[in-house]
Amino acid sequence: MRMEDERKKITEYGKLLKSSGLTNGTSGNLSILDKTLGLVAISPSGMDYEEVTPIDVVITDLDGNIVDGHRKPSSELDLHISIYKTKKDAVSIVHTHSMYCTTFASLHIPLHAVHYLIANTGTDNVPVVDYKTYGTKELAVGVSEAMEKYNAVLMANHGMVCCGTSIKDAINIAQTCEWIAKLQWNCFCIGQPHILSAMQIEDVLEKFTSYGQGGTGSKGYTVG
Ligand SMILES: [Zn+2]
């Protein structure tokens, strides 16, 4: 079985996506890129995360050809591949229809810096990318272009997608986006939140470089 370690991580973190409430049923998908091999391990289409085992994970090349696996790959395979081609430091991608992110995606309202932890995404906002039909090349192109500047974006009337330097990093960014979205929703229920400036988020990003135990490659806090 090729890319056994990555396949195990896709099954393990897929279950985490579900248990942490970021997805339910079969929605959302996740992948890991092996840069050396130029191959992607991606979750299968339409399977409950609880039922996915490493053999169900599909291995494709960066042209979308299946090189190992007996399942159909996620319907958003083009989206994942386009992001990997655009975003050279991306090693893992997570896409969810998590409730609060999807709420703002459906309102076409970006996630703002209502809390300093938005810095986990690498910037002071998470923009909304124009609506395109799911699973299309048009959606893949629009999102991957936006992600040249961002590690996370909202997909209008659809959900959220983010990338990280590891699957752990990508999941943490997905959890951060959902936490920020929930906080922003709470703020809007009461009034207008004060939004931190880009400069204030820059200061947080600077502090993140020395946060924690160091040497692990992790950045910022975890919210999950
Ligand atoms: Zn989707």
Side-chain angles (χ1 to χ4, degrees), residues 9-11 13-33 40-52 56-58 60 62 64 66 69 71-87 90-111 121 126-148 150-164 167 169-182 185 224:
K9 283 182 176 158
I10 294 290
T11 60
Y13 282 94
K15 287 174 177 60
L16 178 66
L17 268 190
K18 193 170 177 185
S19 65
S20 62
L22 287 179
T23 188
N24 50 44
T26 62
S27 72
N29 34 69
L30 62 172
S31 72
I32 302 174
L33 169 69
V40 176
I42 188 163
S43 49
S45 178
M47 279 188 78
D48 192 303
Y49 291 99
E50 294 297 338
E51 293 168 8
V52 175
D56 298 313
V57 175
V58 185
T60 78
L62 285 168
I66 297 172
R71 297 286 186 187
K72 234 172 91 179
S74 161
S75 54
E76 296 294 3
L77 175 62
D78 279 342
L79 174 71
H80 288 244
I81 286 175
S82 293
I83 295 170
Y84 286 131
K85 285 180 172 171
T86 308
K87 193 98 182 163
V91 172
S92 182
I93 292 166
V94 172
H95 164 55
T96 74
H97 298 174
S98 54
M99 183 52 72
Y100 289 91
C101 281
T102 307
T103 299
F104 284 108
S106 300
L107 289 163
H108 296 202
I109 295 176
L111 301 186
T121 70
V126 176
V128 184
V129 176
D130 289 348
Y131 178 80
K132 303 285 178 195
T133 306
Y134 85 94
T136 59
K137 291 220 183 291
E138 290 75 18
L139 178 68
V141 168
V143 169
S144 57
E145 281 178 1
M147 287 187 75
E148 282 184 43
Y150 295 92
N151 294 321
V153 300
L154 300 182
M155 300 153 70
N157 306 83
H158 185 154
M160 187 279 318
V161 64
C162 66
C163 65
I167 190 157
D169 184 32
I171 293 278
N172 187 41
I173 293 173
Q175 289 177 322
T176 296
C177 287
E178 185 63 2
W179 189 81
I180 291 286
K182 188 171 184 180
W185 183 85

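Predicted model, so just to flag it, every value in this text is computed and none were measured. Atoms considered below: every heavy atom in the structure, side chains included; atoms not considered: hydrogens, waters and symmetry mates. Both ligands and their constituent atoms are indexed starting at 1 by order of listing.
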TODO: Using only heavy-atom distances, determine whether the side chains of N157 and H108 contain a donor-acceptor pair under 3.5 Å.
DONE: yes
Open item on the list: Restricting to non-hydrogen atoms, name the atom on V91 and the atom on Y84 that form the minimum distance, rounded to 0.1 Å.
Closed with: O-OH, 3.5 Å
Open item on the list: Are V128 and I109 packed together at the side-chain level, in the sense that at least one heavy-atom pair is separated by less than 4.5 angstrom?
Closed with: no
Task: Distance (rounded to the nearest 0.5 Å) between E148 CD and K87 NZ - done: 8.5 Å
Open item on the list: Measuring from atom CD1 of I10 to atom CG of D56, what distance do you get when rounded to the nearest 0.5 angstrom?
Closed with: 12.0 Å
Task: Sub-2.8 Å protein N, O or S atoms surrounding the Zn ion (ligand 1) - done: H95 NE2, H97 NE2, H158 NE2
Task: V52 vs R71 side-chain heavy atoms within contact, under 4.5 Å - done: no
